[in-house]
2 protein chains.
Amino acid sequence: MRQIAHEVGVQAGALYRYTPDKQTLLFDLMRGHMDALLAARAAAAGGVAVFDTPLIRLDEFVRFHIRFHLERPDAVFVSYMELRNLTPENFAALEALRRDYEDQLEVILQSGVAAGEFGLTDTKITTLAIIAMLTGLTTWYREDGRLPLTQIERIYTGLVRGAVGVS
Amino acid sequence: MRQIAHEVGVQAGALYRYTPDKQTLLFDLMRGHMDALLAARAAAAGGVAVFDTPLIRLDEFVRFHIRFHLERPDAVFVSYMELRNLTPENFAALEALRRDYEDQLEVILQSGVAAGEFGLTDTKITTLAIIAMLTGLTTWYREDGRLPLTQIERIYTGLVRGAVGVS
DNA sequence: CATTTAACTGAACATTCGTTCATTTGAAAA
DNA sequence: TTTTCAAATGAACGAATGTTCAGTTAAATG
């Protein structure tokens, strides 16, 4: 708390005018991140996506996930590393939001399977595997790295297409 | 330290007969995990693997990674969540070991590409993506879950085959 | 038996932690 | 100008932290 206060240019005690305690501060931060994720996702998928093919929607999801996560590395880092420091209730609340997000990918996979365009065994596991693969990007991506972001997006969409057995 | 001592049935001070400090204890734990990973990998890949096709070696790597990580969830958890609490030197040492491991997968991918059996754009990124996908399994796998481990292994080998563009 | 030696205790240390609160500050309202 | 009031201070609290160490215990050694 003293460290946070210092970066904000204030004494530690002053923080308690804005949060009842440290746990709430952490939870609000993480829930804010998930809310932003779901809101951005809704905005991105809200347009004409319903009429697009499963493959187009899948590609769009991959690009969205990559962009969103790479744009806020700090929030992503906290949201993954501090999960264990949440109270059981707060953890459950966040897990529910995370599941909402995962479900959006799974729906795409299911529609792809239903349309006979994807060839995969299990939509639930494939969903989790894809998200883990995509989020892993945040641990090594550097802005001045070997490849530009557009190229990385192309590679990952290719990996995901292969994983879902697009024919 | 007091918590660790309690679980071992000893006073906190007694731990310092076995470790010079907390940082060293953490590092030894994590390095021990990586040493075990590399040793187990060497044992698994040491046999006839050299004569096998890239695809067979890839499948074997996937099964190995899954098995090894699911058998020691605590060590995996610590090794991923406590990286940020290592000194820069200790962190660098562990990163080197991790890279050794990653390289073993990348070699498989390279040989698959060279043999014309895999169709992928970038072996380095594909390596990291696959490992992130596989390791993500440890965050949700439960022994009494919906699917048996052998089935999960089959699904993941399928996902990886698709990702590397096996034809 | 006596002696050595290693393991462990338990208290203490200096910090650091999250949090509280009487007091001060300074701008807005009267 | 005086009053009001929210924002922030800074000191203090109790508890927890990693670590040290003189002293106790008990097994191994002579």
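The structure presented is a predicted model; accordingly, all values stated were derived computationally and were not measured.
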Side-chain donor-acceptor contacts of residues 1-14 of chain B below 3.5 Å, not counting sequence neighbours, with atom names and distances?
none

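- One finds no salt bridge joining A:R99 and A:E102 here, because no Lys/Arg side-chain nitrogen approaches an Asp/Glu carboxylate oxygen to under 4.0 Å.
- Annotation: proximity of residues 1-9 of chain B to DNA chain C (heavy atom, distance under 4.0 Å) is found for B:R2, numbered in ascending order.
- For A:T139, there are no side-chain hydrogen bond (donor to acceptor under 3.5 Å, both in side chains) partners at least two apart in sequence or on another chain.
- At least one test fails for B:R41 against the ring of B:F68: distance under 6.0 Å to the centre or angle within 45° of the axis.
- Salt-bridge check for A:R161 with A:E117: failed, with every basic side-chain N at 4.0 Å or more from each acidic carboxylate O.
- Under the 4.0 Å criterion applied to side-chain N and carboxylate O atoms, B:E82 and B:K22 are not assigned as salt-bridge partners.
- In this structure, B:F64 and B:Y101 have tilted ring planes: the angle between them lies in the 30° to 60° band.
- Ion pairing between a basic and an acidic side chain is recognised when a charged N comes within 4.0 Å of a carboxylate O; A:R57 and A:E60 show no such pairing.
- The 5' end of DNA chain D is approached more closely, in terms of each residue's nearest nucleotide, by A:A12 than by the other of B:G13 and A:A12.
- Taking a heavy-atom distance under 4.0 Å as the criterion, the stretch of DNA chain C touched by chain B extends 5' to 3' from C:dA6 to C:dA12.
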Start with the C-alpha distance between A:T135 and A:H65, add both sets of side-chain angles, then the distance that settles side-chain contact (heavy atoms from CB on, under 4.5 Å), and finish with yes or no.
CA-CA 8 Å; A:T135 307; A:H65 188 94; 2.9 Å; yes
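- Each of B:T126, B:L120, B:T121 was scored for a side chain to side chain contact (heavy atoms under 4.5 Å, CB included) with B:T123, with one residue passing: B:L120.
- Less than 4.0 Å separates DNA chain C from at least one heavy atom of each of the following residues of residues 21-32 of chain A: A:D21, A:K22.
- When DNA chain D is scanned 5' to 3' for any atom under 4.0 Å from a heavy atom of chain B, the first and last hits are D:dT17 to D:dT20.
- Here the OG1-CZ distance, from B:T24 to B:R31, works out to 9.5 Å after rounding to the nearest 0.5 Å.
- Checked options A:V160, A:I66, A:I108, A:L109; the residue passing with A:F61 is A:I108 (criterion: side chain to side chain contact (heavy atoms under 4.5 Å, CB included)).
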